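Below is one structure, written out as structure tokens; comments come after it.
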Amino acid sequence: MDFICSRIEFAKGLKLAEHLADRVSTIPALQGILLETNKNTVIIRSTDLNTGFQMTVPVREMRREGSAVIPVRPTIQLVSSAGGDTVHVEAEDSIVHFATHTTTSTLKGYPKDDFPTMPKIKNGEHISVPIESFLKAAHSVLFAAARSDIRPEIASVLIRGFSDGLIKIAATDSFRLAERAFTNKTAKQFSFLFPWRRLGEFIRILENFSGSLDCVFDSQQFFVDHQNFSYFTRLTEGKFPDYEQVIPRSFTTEVTANRTEFLEHAKLAGIFSGQMKEMRFKVYPADGLLEIRTTDSEIGEHSSRMKADITGSGLEMSFNQRYVVEGLDPLLSETVLLRFSGSGRPLVIQNPQDVSYIYLVMPMKSV
Amino acid sequence: MTNEELWKLTLHDIEIELSPANFATWFAQTAILDQLNGKIMVGTPSAFVKEWLENKYLKLVLKHLRTHAPEVRSIEFSILSQSMLPPSKTPPPKPHEEQMDFRELYVDKDTNLNPRYTFDTFIVGRFNEIAHAAALAVTEKPGLAYNPLYIYGGVGLGKTHLLQSIGNQTRALFPAKRVYYVSTERFANDIMFAIRTPSEKEAIKEKYRSFDLLILDDVQFIANRTASQEEMFHIFNAMSEASKQIVFSSDRAPKSIINLDDRLRSRFEGGMMADVVEPDYETRLAILQAKTAGKEEYRPAADILEYIASVIQTNIRELEGALNTIVANSKIRRRPLSAEEVKEILSKNTKPRKSLSAQHIIKSVAQFYDVPERFLFEKTRRKEVVRPRQIAMYLLREDFSGSYPYIGQKFGGRDHTTAIHAYLKISNDLKKDERLREEMKTIRSHLYEDDKS
């Protein structure tokens, strides 16, 4: 193998592939990244046998076709730090030479024979989704997924398509729940569970690309094809809980406030929320006032008040401060609508003008 | 030779030909799933492994399979379902225990059961031991032991916990059995829907008949729903003919459900009926101790738990509510609460008693012990008078909140220390003496019942 390509492009591919290489594999080659020429491109691939990623980097000058498996760390450090516009890669058996206009290095690679191919999904469902919409939705809910594998179905993000083109992405850790919807051009009914850790990696990859994704999936696996890369992962099997039943339909108190102001108050309250993260809301409808209180026995006490439009009855309830702040972030709107539905019932956080995002958080028990 | 033995032998041979790393990477978590007419299905843990085995090791695997099973002609690889792979167990990062969760999300979609309710967390006492034993018997021999099992008793006494435990335990013991838990209200709605929608009728009836264990909670709600009762009767008949287990719960015995079809009533009564009554003092204390076990930091002192157990007598839900309130209060104040504080908090949170007059209390006690009222005021120390007098003093203090001097005064100008002594004596005896507790309960029920009229 012998080719010259853009150093920046090459480094980007290596960095994205790095996250998926299997650092603990018993087969050394799987700890590395595969380079393989294909016409006027070079393919960079990595896998941990559950998930796989490959990116295509255009080659400026192809001298000899071939392939090699290279060690991750030193190659990335080398290619990112060495200056210059291009990099010249030449491999003979498992020895790989890298050259830039001022550097030459020789790295020990792995026997390339041991590198898996990207699996294909036969008879899967096909959909096409714009990266931008998918990213926004995935970002809006990922943080709410359960972090424990004890219940794999909620340590996953539910992605559902409806016959009218709507796609809903939802996640819950059973203490709070986030859902974002968007309309897609291809309308299809489907449903699958994306493991949350995998989705985090996938988001990191997607952030580097634009355009649209061609997805193929069945009940066990998911494959994405994009003009610059492809991605494969195992999905979670199981049933996501029927979460729509927990969304309250009627409310006792509704508070409309400036989102940025409310977020600042909530963040400030976090200084005093202590280990329990308890943040207490008091709503005074007659005065149009929302009060936030936190107490930390070691640090001290804090309270803040802000003007708000309030309908319904006054109330006093406690919530986890971090849960509230996290749910406010994806809202991006000027105002926020806080909808309470009584003690022991979830608080619904929404944009009053846009129903595409909904966030629910359960209260904390209190006196 | 079983599939498992065949695969073990084959793997043993393959292992010799491959490097340990290769063998471990590509053959770990593989298994023969099935074989049919010379075709062997091999399950693999992932798509990457599947493709690798197909492309690289097909011939090798086939060769070794054939030395042990010459009839094998081909191999098909597939991806194992996750339920067959060893689960990875990372304990959940638990948010603070005060954080509430969406209970509905724990419900299993197929069985409608909440897996959190198990026999392990069910506290057995004299008040529920029969119901508990019957429930266990049902899980061991579903459909055969007691069919139907009918459990009844007041609210907040753990009926739902028991019912759900039956379901969860049956699932654990007999994974193949189809278990379904449903509230009677939803069940009746289903039936109504079936009656109104002829196209769905058979499907819905078939759905219920197909369960091996059907658990119906709060069956008293079937009263007045004549059409549902008719269908319900037929479903139960079909199920019991097929030896399928049915478990009911209700807040009252079948004979006390009015507007219930006689045929259904006799069905309910036809198996085993077990009631759950209010827990006694020891059990209430045991429940409080179980609930606070392992939470040493805010665990109320023993005498506080005893106090809660003696005050909250109605049901377990209220008992837990009272405990939570005490724990939460002590967390806020960052110190254990004194007995006085606990008393004050509980008096605010428990239902206010009907207002009583001192006269009324004394009269009721005298009536109960069948002593003339005036004897209580006289300076006699006869045993049959002393006891009722002390009980009357205790009640004046506890339920009437009379001051000790007032109480002393009331009983023929006695000293306040006599009143204190009587109060402490009875408080202590109440903890030890089951009969006294029963008597106190009866006196109180008379007191408050009379007051209603």
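Chain identifiers are assigned alphabetically (A, B, ...) following the order of the sequence lines, protein sequences preceding nucleic acid strands; residue numbering begins at 1 within each chain. Source: prediction; values computed, not measured.
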**OP:** To the nearest 0.5 Å, tell me how far A:Thr117 OG1 sits from B:Glu54 CD.
**Re:** 9.5 Å
**OP:** Quick one: pull up CG in A:Asn320 and CD in B:Gln99 and give me the separation to the nearest 0.5 Å.
**Re:** 5.5 Å
Original post:
So which of A:Gln275, A:Lys277, A:Arg176 has the largest heavy-atom pair count under 4.5 angstrom toward chain B?
Top reply: A:Arg176
Original post:
Charged N to carboxylate O below 4.0 Å: is that the case for B:Asp110 and A:Lys239?
Top reply: yes
Subject >> When B:Leu80, B:Val327, B:Asn55 are compared by non-hydrogen pairs under 4.5 Å with chain A, the top option >> reply: B:Leu80
**OP:** Mind ranking B:Asp108, B:Val49, B:Val107, B:Thr25 by heavy-atom pairs under 4.5 Å with chain A and telling me who comes out on top?
**Re:** B:Thr25
Original post:
Is B:Ile79 close to A:Arg234 at the side-chain level, that is, under 4.5 Å between some pair of heavy atoms?
Top reply: yes
Interchain contact, [X] with chain B, by part (heavy-atom threshold 4.5 Å):
X        : value
A:Ile154 : neither
A:Pro116 : both
A:Phe223 : neither
A:Glu237 : both
A:Thr236 : both
A:Ile121 : neither
A:Ser297 : both

**OP:** Answer yes or no: is there a donor N or O on one side and an acceptor on the other, between the side chain of B:Ser46 and the main chain of A:Leu49, under 3.5 Å?
**Re:** yes
Original post:
Does the ring center of A:Phe232 lie less than 6.0 Å from the ring center of B:Phe48?
Top reply: yes
Subject >> Greater than 12 external heavy atoms within 6.0 Å of B:Lys39's NZ >> reply: no
Subject >> Crowding at CZ, B:Arg103 (>12 non-hydrogen neighbours, <6.0 Å) >> reply: no
Exercise: identify the closest heavy-atom pair between [X] and [Y]:
X        : Y        : value
B:Met100 : A:Met362 : O-CB, 3.2 Å
B:Leu105 : A:Ser174 : CD1-CA, 4.1 Å
B:Ala24  : A:Thr26  : CB-OG1, 4.3 Å

**OP:** Assess A:Arg151 against B:Tyr106: is NZ or CZ under 6.0 Å from the centre of the six-membered ring, and within 45 degrees of the ring's axis?
**Re:** yes
Subject >> Side chain / backbone / both / neither for B:Pro45 at chain A, heavy atoms under 4.5 Å >> reply: backbone
